[in-house]
Amino acid sequence: MPIIARMTSSPQQQDSGRPGEFELIAALKRVIDDSPPASEVIVGIGDDAAAVSVESGIHVMTTDTMVDGVHFLRERASWSDVGWKSAVSNLSDIAAMGAAPLHTLVTIGVPADVAVTDMEEMYRGLTGAFAEFGGGIVGGDVVSSSVFFVTVALTGRAAEEDGSPVVLRRDAAEAGDLIAVTGTIGGSVGGLSAVLDGLEGADAEALKQAHYRPVPRIAEGQMLVENGVHCAMDVSDGLVADLEKICAASEVGAVIKASDVPVPEELTSQFGEEALPMALSGGEDYELLFTLPFDLMDRLFARHRGMFTHIGHITDEPDEGDRVVMVDSDGVEMDLQSRGWDHLGAR
Ligand SMILES: [Mg+2]
């Protein structure tokens, strides 16, 4: 079954004074041609649309946009990091469905003061991430814009549980499930704070790396499906805010134990007591947050020890009050002041 997707040029939107659109597309095509080709491409960049062959099963699709001044600042981030991160925010959503990345379309809005070499560098960030995690670029669009933005759209193929394709969902948590998370939480906001505060040294640099070069949990997402996990999402808006989304979708509540949240050592060394609140509300960690029955957790721990941390459990839907509560090591409820950020709010 072929899929046809629109791609490439809109000549009427080309302004004089900015890089010629066709010159820019040719330069970007060279960057893409230098990276590993996407699989199953029938028609790639250069035609009216890309054409790829697909097999039966479940395909997932996602898109995400990064806008200068909203999601990043051009003065502060390298173009390569902007490309890497816009790839990873999409790859992470594919991971959160338990799928493998397939094909990518990239649309960029280019202001007059952006050079062809800037966009080549950004595409090297994009193609670097797709080369490492899958999802080669098969097309896109270039438009002029007063503000730089990049929109990535990505497809993926669902993993299989017992021979049948299955996706991880937010609405599949059940009371009694345990809650777990891959990796550590809070490194990205720690990196942003380290940049803003002018912190230096090995720990600050490790946090900055987490902020500018996050890693999507592609293999882990597929492993969860293959082992029978059904409920997951990626931590993009903050641990508590994202757990609230799982609880709302599943009509349940959640309790997390503060001392069990895996905070990176570097965050604690740089920010002390602020580390935990930062981790709970920070966002952009791109780890997987998932729930699973107790016996399944036992099996997963036996097979994949060190890959994830148990941080709490799912409860019945609360009659009133917050869906997500945090307790200290004695089980006493703690105050959760900052619950994450939404994309339409200021930061
Ligand atoms: Mg997501």
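Atoms within each ligand, like the ligands themselves, are counted from 1 in listed order. In what follows, residues are counted from 1 in the order of the sequence shown.
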**Asked** For S188 and D285, what are the C-alpha separation, side-chain angles and deciding distance, and is it a side-chain hydrogen bond (donor to acceptor under 3.5 Å, both in side chains)?
**Response** CA-CA 6 Å; S188 179; D285 292 303; 5.3 Å; no
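Classification of R217 and D234 as a salt-bridged pair fails, no side-chain N sitting under 4.0 Å from a carboxylate O. The existence of a salt bridge linking D242 and K245 is confirmed by a sub-4.0 Å separation between a basic side-chain nitrogen and an acidic carboxylate oxygen. Under 4.0 Å is where a charged nitrogen must lie from a carboxylate oxygen, and between E200 and K208 no such pair does.
Using cut-offs of 30° and 60° for the angle between ring planes, the F308 and F301 rings count as tilted.
Near-neighbour remark for the Mg ion (ligand 1): protein N, O or S atoms under 2.8 Å are D93 OD1, D234 OD1; waters not counted.
With hydrogens and angles disregarded, no donor-acceptor distance shorter than 3.5 Å links the side chain of D118 to the backbone of V114.
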